[in-house]
Amino acid sequence: MIEFNDVTFRYGSHGVALERVDLRFAAGEFAFITGPSGAGKSTLLKLLYAAQRPSAGDVTIEGRSVGRLHPRSVPFLRRNLGVVFQDFKLLPRRTLLENVSLPLEVCGLKRAVVLDKATAALKKVGLGRDGDRLPGELSGGEQQRVAIARAIANTPSILLADEPTGNLDEGLSHEIFELLAGLQTSEGATVLTATHDLAEVARWPFRHIRLRDGRVEDDRPLRDLALPSAGPVVPFDVGEDP
Ligand code: ADP
């Protein structure tokens, strides 16, 4: 469970990026976060991976405060949390396998384990045979797949995506959301994704939180796509038009 309890984030002396936000996300939930530019979407995610600290209120994961996490514990938080950005952030001179391996190496995992996990992650995103290639040889959509592989390589329980399709064409965007939705189902991960792509959001039944000026403007729950059980379509005789 992720909880935002009355969270405010201020910058400078006047600016407010988030104001008194209360949100809960169940483990394994998928949620879209939308809103105009400057609404506070990135800030919401940054508070979760401890790149920002709340000015007031607290953010907790499984009951543990992220807002008050000791700086020494931040790397441990990040091991259990994958983040995907709009601009991929891949190292251009490293192969795909090396890009995906690097954060695992930083965690101090053994070489053989790193190789296993990185290979498995590339396979999950459909690039299992491409480990030796360089990012520059790939399309934007494929590069984002590598970034997702890197984010999930250590099987985190939470995956955060900040405008993951911001640099991609429409068709590729849909593929990326399919991949994220698939990971939520197959890995049981909680997936929170900020996006401005409302057409794509409308294609999915997932929870949709809309921010505006740092506040939660709307919070639509997961749509139940189950159809009503078969029964009489017209329950009573409406008669004929006169
Ligand atoms: P979004 O992701 O929805 O575009 P952000 O969370 O990036 O919105 O930003 C929300 C608002 O807070 C914006 O007006 C942004 O300029 C401002 N902001 C956030 N963090 C800082 C910061 N550290 N310094 C200055 N302004 C910031």
Side-chain angles (χ1 to χ4, degrees), residues 2-25 29-61 65-71 74-75 77-78 81-90 140 143-144 147-148 150-151 156 158-170 172-174 176-177 179-181 184 189-204 206-221:
I2 295 171
E3 294 185 74
F4 285 76
N5 294 313
D6 203 8
V7 172
T8 294
F9 178 77
R10 294 187 203 92
Y11 55 89
S13 49
H14 297 294
V16 179
L18 282 182
E19 198 165 8
R20 308 208 67 169
V21 167
D22 273 304
L23 286 169
R24 318 255 170 287
F25 299 96
E29 187 167 9
F30 190 115
F32 286 114
I33 299 152
T34 70
S37 187
K41 304 181 293 296
S42 292
T43 304
L44 192 86
L45 299 180
K46 282 179 186 165
L47 290 169
L48 263 174
Y49 59 90
Q52 307 270 34
R53 305 277 179 157
S55 313
D58 201 8
V59 180
T60 62
I61 298 177
S65 169
V66 180
R68 286 191 276 273
L69 201 62
H70 192 280
V74 170
L77 165 80
R78 302 226 174 117
L81 197 147
V83 192
V84 177
F85 301 95
Q86 175 170 348
D87 58 357
F88 321 140
K89 297 196 191 299
L90 299 176
Q143 289 188 48
Q144 191 56 300
I148 292 172
R150 184 182 53 192
I158 300 171
L159 182 60
L160 307 176
D162 194 351
E163 299 278 5
T165 62
N167 285 346
L168 305 179
D169 297 339
E170 212 175 285
L172 292 176
S173 297
H174 187 63
I176 293 296
F177 284 116
L179 183 56
L180 294 176
Q184 180 236 5
T190 310
V191 180
L192 307 186
T193 175
T195 181
H196 62 269
D197 191 344
L198 295 179
E200 191 57 43
V201 172
R203 295 172 80 167
W204 296 93
F206 301 127
R207 181 176 175 191
H208 176 191
I209 293 160
R210 208 166 64 220
L211 299 180
R212 181 177 291 273
D213 297 333
R215 289 178 177 266
V216 176
E217 185 182 56
D218 193 24
D219 185 353
R220 288 187 198 178

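Read the numbers this way: they start at 1 and go in the same order the structure lists the ligands and their atoms. Since we're looking at a predicted model, the values are computed, not measured.
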Student: Do Lys41 and His196 have side chains that approach each other closer than 4.5 Å (heavy atoms only, starting at C-beta)?
Tutor: no

Student: Would you call Arg210 and Val216 a side-chain contact if the rule is heavy atoms closer than 4.5 Å?
Tutor: no

Student: Please list the nearest protein heavy atom to atom 15 (C) of ligand 1 with its residue and the distance rounded to 0.1 Å.
Tutor: Tyr11 OH, 4.4 Å

Student: What protein heavy atom is closest to atom 7 (O) of ligand 1, reported as residue, atom name and distance in Å?
Tutor: Ser42 CB, 3.6 Å

Student: Quick check on contacts: which atoms of ligand 1 are under 4.0 angstrom from a heavy atom of Pro36?
Tutor: 3 (O)

Student: Check whether the ring centres of Phe4 and Phe9 lie less than 6.0 Å apart, and answer yes or no.
Tutor: no

Student: Quick check: Ala17 and ligand 1, any N/O pair under 3.5 Å apart?
Tutor: no

Student: According to the interplanar angle, ranging from 0 to 90°, do the rings of Phe206 and Phe32 count as parallel (below 30°), tilted (30 to 60°) or perpendicular (above 60°)?
Tutor: tilted

Student: Just to confirm my output: which protein heavy-atom neighbour is closest to atom 6 (O) of ligand 1, and how far is it?
Tutor: Thr43 OG1, 2.5 Å

Student: Considering distance alone, does some N or O of Gly40 sit under 3.5 Å from an N or O of ligand 1?
Tutor: yes

Student: Any nitrogen or oxygen of Gly38, side chain or backbone, less than 3.5 Å from one on ligand 1?
Tutor: yes

Student: Does the pair Arg215/Asp213 count as a salt bridge with the N-to-O cut at 4.0 Å?
Tutor: no

Student: Can you find a heavy atom in the side chain of Leu90 that is under 4.5 Å from one in the side chain of Arg150?
Tutor: yes

Student: Within ligand 1, which atoms have a heavy atom of Ala39 less than 4.0 Å away?
Tutor: 1 (P), 3 (O), 8 (O)

Student: Assess whether atom CZ of Arg220 is packed by more than 12 heavy atoms of other residues, nucleotides or ligands within 6.0 Å.
Tutor: no

Student: Identify the closest protein heavy atom to atom 23 (N) of ligand 1: which residue and atom is it, and at what distance?
Tutor: Gln52 NE2, 4.0 Å

Student: May I ask you to test the His208-Asp218 pair for a side-chain heavy-atom distance under 4.5 Å?
Tutor: no

Student: When you measure from the heavy atoms of Ser37 to every atom of ligand 1, does any distance fall below 4.0 Å?
Tutor: yes

Student: Given Glu163, Arg10, Lys41, His196, which has its nearest heavy atom closest to atom 3 (O) of ligand 1?
Tutor: Lys41

Student: Which one holds for Ala194 and ligand 1: side chain close, backbone close, both close, or neither close, with close meaning a heavy atom under 4.0 Å?
Tutor: neither

